[in-house]
Amino acid sequence: MERGESESNTSARDASDEVPSASPTPRLLRVGLWQAIAGMSLALMLAAIIVAAEMSRMLAYRTYYVNRRVSALNAIVRDLRRQHAATQRKLGSEREHASVGEVFEKILFAPDLRTIKLVAPQEKAKDKSKVLSDGARAASGRLAMSESAGGAMLEASGLKPSEDFQVYRIWWMPRHGAAVWAADFLVGDDGLATVPVDLPPARLKESSITVTLENETYAEAPTGPVALKGDAAHAERIAIPRANPRKKR
């Protein structure tokens with residue numbers, strides 16, 4: 001019996017020794033599980049970072065491409081606007097020239113057509129067809145006017161080109177009293193000008209006409225140098241030839 005008890009005690013001790021050796025296994029499993037989860041999380045985070053970086057790169061490239069396209073389209077729109085503005089200016093100039101041509105033709109064929117010769121003040125006593133020493137022709141002009149046509153037209157040549165902020169100004173100059181503004185115009189490098197001019201008031205029919213080079217700001221009286229001058233009292237009446245009526249057969 002004693003032997004049996006000793007064997008049972010030995011078996012009990014062996015069993016008690018085996019139980020503690022099996023307890024670390026669940027903790028190791030939990031640590032391994034958390035390590036696996038942490039590794040997957042890190043992998044997912046790295047993948048998300050890579051995807052976000054790639055998407056950012058693609059978005060930046062597309063934004064750059066779109067901005068380049070928008071800039072190109074804006075440049076095209078600006079060019080089209082400039083072309084449109086230039087076309088409108090050209091059309092306006094053509095319409096203005098056509099209108100001036102119609103008025104000029106109406107005046108030239110009016111039955112009461114009169115013309116006034118304008119010359120530069122220093123050249124009054126000289127032949128206007130004479131060429132000056134510097135090779136340029138002296139400034140001259142002629143004003144055609146008609147009361148029935150309701151207007152006048154000045155043609156001038158040999159004028160000095162008007163510079164920035166300068167304008168040629170036409171005045172009706174009475175014998176007594178203040179000058180009356182008639183028109184403003186610019187002159188290019190060719191020195192030529194064709195300008196519609198307001199007829200003088202009834203009280204200034206026999207006044208002289210003066211063209212001065214002025215500052216473009218408004219002025220009530222001429223202050224600049226005189227470029228051309230003529231006298232309405234010496235106006236020439238032009239007889240317009242009329243076609244003879246056809247004879248009846």
Side-chain angles (χ1 to χ4, degrees), residues 1-104 159-169 181 183-196 213-220 223-224:
M1 280 182 73
E2 292 179 357
R3 184 179 178 180
E5 289 178 357
S6 61
E7 288 180 355
S8 62
N9 292 332
T10 303
S11 299
R13 283 195 302 270
D14 292 339
S16 62
D17 293 338
E18 290 177 358
V19 171
S21 63
S23 60
T25 301
R27 287 199 298 271
L28 293 176
L29 290 176
R30 286 195 297 272
V31 170
L33 178 61
W34 283 112
Q35 288 178 346
I37 293 173
M40 292 177 62
S41 300
L42 181 61
L44 290 174
M45 184 176 64
L46 291 176
I49 292 173
I50 294 172
V51 171
E54 185 66 19
M55 290 182 66
S56 299
R57 188 182 68 83
M58 292 298 296
L59 181 60
Y61 174 77
R62 289 184 64 84
T63 302
Y64 172 77
Y65 175 77
V66 170
N67 290 336
R68 288 288 301 273
R69 290 291 298 169
V70 170
S71 298
L73 291 175
N74 287 335
I76 293 173
V77 170
R78 286 194 296 269
D79 290 340
L80 291 175
R81 286 178 176 174
R82 282 195 293 266
Q83 294 176 9
H84 177 72
T87 303
Q88 290 298 321
R89 286 194 299 269
K90 185 176 181 181
L91 290 175
S93 178
E94 293 296 333
R95 285 194 294 267
E96 182 179 355
H97 288 164
S99 177
V100 169
E102 292 175 0
V103 173
F104 203 8
L159 292 172
K160 176 185 176 183
S162 52
E163 299 178 356
D164 293 339
F165 310 110
Q166 284 186 333
V167 65
Y168 281 95
R169 191 159 287 162
W181 175 91
D184 285 350
F185 65 96
L186 302 175
V187 175
D189 294 335
D190 56 4
L192 304 176
T194 301
V195 191
L213 183 60
E214 304 281 351
N215 187 286
E216 66 179 1
T217 56
Y218 172 78
E220 295 184 353
T223 58

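Count residues from 1 along the sequence.
Shortest non-hydrogen contact noted between R169 and E216 is NH2-O, 3.6 Å. The two residues A193 and V187 come nearest to each other via the heavy atoms CB-CG2, 4.3 Å. The shortest heavy-atom contact between V195 and A183 is CG1-CB, 4.2 Å. Smallest separation of non-hydrogen atoms from F185 and V167: O-CG2, 3.4 Å.
In this structure, the separation between CZ on R62 and CG on L59 is 8.5 Å, given to the nearest 0.5 Å. Atoms CE and CG, on M40 and L42 in that order, are 11.5 Å from each other to the nearest 0.5 Å. Atom CG of N74 and atom CG of N67 lie 10.5 Å apart (nearest 0.5 Å). Interatomic distance, CG of L213 versus OG1 of T223, reported as 9.5 Å (0.5 Å rounding). With rounding to the nearest 0.5 Å, the separation of CG in L159 from CG in D190 is 10.0 Å. To the nearest 0.5 angstrom, L46 atom CG is 10.5 Å from S41 atom OG.
Side-chain atoms of R57 and Y61 include no donor-acceptor pair closer than 3.5 Å.
Summarising the local packing, CD of E54 is surrounded by more than 12 heavy atoms from other residues, nucleotides or ligands at distances under 6.0 Å.
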